[in-house]
Amino acid sequence: MKLSHLKVGETGTIVAFTDLDMSVKLMEMGCLPGEIVEVERFAPLGDPMAIRVAGYQLCLRKSEAEVIIIQ
Amino acid sequence: MSLDIKIALVGNPNTGKSTLFNRLTGLNQKIGNFPGITVDKKTGFTKLVDGKTAAVIDLPGTYSLYPKSNDESIVFQVLADKNNSSYPDVIILIVDASNLKRNMLLFSQVADLGIPMVLALNMIDLSEKQGIFIHIDKLAERLGVQVIPISARNNIGLDKLRQAVTNTNKISTQFTAVDVNFLAPEAINEVKQRLNADNDYYALQVLHQHEHLTFFTENDQVEIEQIEQKHHFESSKIQAAETIARYKHLSTILSDVVIDKGTANKFSFSDKLDGILTHKIWGFTIFLLILFVIFNAIFAWSSVPMDLIEQAFGYVTTYGHEHLPAGMLTDLLLDGVVAGLGGIFVFIPQIAILFAFISILEDTGYMSRVTFMMDKIMSKVGLNGKSVVPMIGGLACAVPSIMAARNIENWKDRMITIMVTPLISCSARLPVYILLISIIIPSKTILGIISLQGMALMIMYLISFVAAVLVAWVMKVIIKTKERSYFIMELPIYRMPRWKNVFYTMYEKSRTFVFEAGKVIIAISIILWVMASFGPGNRFENIDQKYATALTDPSKNPDHTQTLIATEKLENSYVGILGHFIEPAIRPLGYDWKIGIGLITSFAAREAFVGTMATIYSVDGGDADSATIRQRMESSVNNKTGLPVYTFATGISLMLFYAFAMQCMSTVAIVYRETKGWKWPVIQLAYMTAMAYFAALIAYQLLK
């Protein structure tokens with residue numbers, strides 16, 4: 001399942017990335033395989049989204065959340 | 001001041017790096033450029049415990065040594081080059097104590113470069129309140145460096161930090177976090193040999209980043225590239241492997257170092273606030289309200305100090321002309337240099353107020369919410385949520401705003417932002433708009449409250465926004481790039497603004513504007529002064545002779561005669577000749593050669609238009625030398641047709657011209673500086689001038 005498919009309040013564990021370049025950027029921001037993420041909210045126009053990961057809030061576009069595979 | 005030691009501040013964004021920098025150095029700071037690179041370099045000085053003086057260099061905030069923006073690429077550039085004037089003896093790596101794990105990624109990378117360092121755990125008071133406890137000694141022991149808990153905001157632990165820096169050895173003590181050699185052994189060893197280096201991580205970073213490192217010779221670059229290709233060095237894959245290895249290492253280091261008893265509570269306040277501030281309806285309403293307050297403040301609060309500055313410079317000019325020996329040098333000094341300086345200083349109140357607001361909004365964490373809310377709209381036209389800041393700033397002045405576009409990581413997004421920001425109506429256009437609106441729009445109100453003139457002004461601002469958005473969209477289609485646009489950003493928790501930081505930002509941005517844009521404006525002012533004060537051949541002498549008798553004639557008002565001379569001289573100066581020369585080109589826009597002169601003199605800065613018009617239209621009103629510029633311009637008639645010069649059509653055409661035309665040497669200069677070449681400023685100058693010309697042409701032809 002992709003991170004972008006989660007609804008507000010739902011959580012998941014990161015398992016893999018489908019895009020290598022993007023994965024480096026996301027990992028540097030704390031999105032590591034094994035980390036638990038929670039969807040906090042979506043921007044008023046539906047995109048981007050804010051997630052809770054590694055003890056802080058991160059925002060990213062849905063297209064970027066699509067490369068994160070979760071369980 | 002003898003300098004004993006150089007300290008570099010390195011850390012993630014939002015860790016309180018600037019606060020620490022300001023605390024350590026106070027007002028003892030200066031801003032320059034890193035050698036060979038156009039990125040701001042903040043340096044300050046501080047006294048250490050043993051009385052030695054240390055230079056503190058504030059490096060841009062970054063999440064890792066792998067850069068994503070121009071600013072971030074400085075960090076490795078400085079830390080990798082022993083010959084760089086900013087290369088530090090000691091690094092203070094600052095982390096947010098309540099978000100240790102992610103922050104420590106950068107620590108582990110910097111540590112592996114082998115420069116002596118101290119770890120500062122900032123916001124320690126805050127994290128303890130949140131229920132996060134850190135075993136300082138255990139952490140220090142495992143890392144091999146001194147770990148100092150501080151709170152820069154509340155001035156806790158700074159003496160200990162100074163002490164720790166004083167105690168630091170010349171040789172680094174930290175343990176290697178990750179032995180990176182296994183990632184690409186052959187390539188790393190070959191680079192080490194080639195560059196005569198002994199650090200594996202340095203060699204690995206060079207392999208990744210050498211294209212962006214300016215200190216290598218062309219020969220070095222070619223050979224490193226060859227090593228890369230020979231060993232099939234796969235940058236992204238290796239970066240990913242390294243990042244995972246580092247986090248794995250950090251998990252071991254941090255296990256039973258951090259005791260977290262209450263992270264959940266940490267966000268409750270921020271969450272509630274976000275519920276309102278990023279709400280579908282309230283979010284945008286509040287954002288618009290804040291924007292309204294900012295505009296109002298920029299225009300209302302700045303008028304008094306701006307008037308004072310103008311009066312002060314006016315006084316200096318008058319006083320100077322009365323008391324200094326009359327002559328060419330005095331004129332150059334007063335009418336060229338002092339006038340130019342006045343044109344720069346008058347913007348300081350607006351820039352200071354704008355940056356005070358920007359700094360408060362950034363400090364509190366609200367600005368990242370604005371970019372979060374706006375990203376979808378902005379990305380549709382090829383911009384980025386982060387473009388909102390420069391575009392709002394463009395309302396005051398494009399120069400600092402274009403500088404503010406640096407934190408946009410994506411090259412294409414950043415270029416488009418830079419290209420369209422000068423279209424947003426800046427404060428220099430305001431005097432021109434106000435003058436023209438007061439001439440062509442009647443001062444009436446409709447429905448009792450709506451002022452027609454105010455509405456016209458608002459429409460001018462709306463036009464500028466629409467134009468910026470349209471041009472951005474066109475550029476999105478035209479500019480091709482392989483780089484993908486992305487938007488991954490931390491949303492910091494809400495905090496109270498730090499008023500000292502706000503003050504420093506105001507001071508710093510005003511100073512940068514005065515020095516960066518000031519140079520160009522003074523230069524252009526002098527050139528324009530020369531062009532307006534001299535004419536070819538002996539035209540000026542002839543004018544003097546022509547009026548010689550009139551000046552001694554007691555029946556004629558000497559002031560009036562002087563203005564006649566000044567106007568005739570301006571007409572015969574190089575600027576005047578140029579004005580006549582371009583007349584055929586601007587006649588279809590509804591302008592005469594006098595307005596042409598105004599267009600030329602206002603090329604340096606738009607507001608010069610008002611002053612030029614004041615000189616040039618001083619006669620047409622007959623004996624009305626005491627009348628205001630507005631009255632003179634209103635009553636001026638075209639010599640050939642006998643019709644008024646300033647009709648509704650001409651006024652609208654002129655306002656549109658000023659809305660779109662580049663007409664600002666400082667912006668050209670800053671775009672050149674930011675894009676490191678003439679390509680982009682030339683494209684910008686060309687497209688904006690073309691847009692201005694055609695908009696003015698269409699408006700005049702339709703309305704006349």
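Chain identifiers are assigned alphabetically (A, B, ...) following the order of the sequence lines, protein sequences preceding nucleic acid strands; residue numbering begins at 1 within each chain. Note: hydrogens, waters and symmetry copies are ignored here, and every other heavy atom, side chains too, is used.
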Among A/L60, A/L32, A/V53, residue most engaged with chain B (heavy-atom pairs, under 4.5 Å):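 Maximum pair count with chain B is reached by A/L32.
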If you draw a 6.0 Å radius around [atom1] in [X], do more than 12 non-hydrogen atoms from other residues or ligands fall strictly inside?
X      : atom1 : result
A/I36  : CD1   : no
B/E211 : CD    : yes
B/W473 : CH2   : no
B/I281 : CD1   : no

Hey, what do you get for [atom1] ([X]) to [atom2] ([Y]), rounding to the nearest 0.5 Å?
X      : Y      : atom1 : atom2 : result
A/D21  : B/Y486 : CG    : OH    : 10.0 Å
B/Q239 : A/S23  : CD    : OG    : 9.0 Å
B/N14  : A/Y56  : CG    : OH    : 10.0 Å
A/M49  : B/F372 : CE    : CZ    : 9.0 Å
A/K25  : B/I488 : NZ    : CD1   : 7.0 Å

Contact class of [X] relative to chain A, heavy atoms under 4.5 angstrom:
X      : result
B/K237 : both
B/K376 : both
B/D274 : both
B/L105 : side chain
B/R246 : neither

Interface moiety of A/F42 toward chain B, non-hydrogen atoms closer than 4.5 Å: backbone
Heavy-atom proximity to chain B below 4.5 Å, by part of A/L45: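 Both backbone and side chain.
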Non-hydrogen atoms of A/P44 and B/T278 that approach each other most closely: CG-O, 3.3 Å
Exercise: identify the closest heavy-atom pair between B/S236 and A/V24: O-CG2, 3.6 Å
Check: B/M489 and A/P48 side chains under 4.5 Å, non-hydrogen atoms: no
Among the options [options], pick out the one with the most heavy-atom pairs lying under 4.5 Å from chain A.
options                : result
B/E490, B/R369, B/K280 : B/E490
B/H279, B/K101, B/K68  : B/K68
B/Y63, B/F284, B/Y247  : B/Y247

Candidate pair A/R52 and B/D271, rule side-chain contact (heavy atoms from CB on, under 4.5 Å), full reasoning: CA-CA 11 Å; A/R52 162 89 26 93; B/D271 265 354; 3.8 Å; yes
Short N-O contact, B/R102 and A/E35, less than 4.0 angstrom: no
Side chain A/E28, main chain B/T243, donor-acceptor under 3.5 Å: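 Checked: no pair found.
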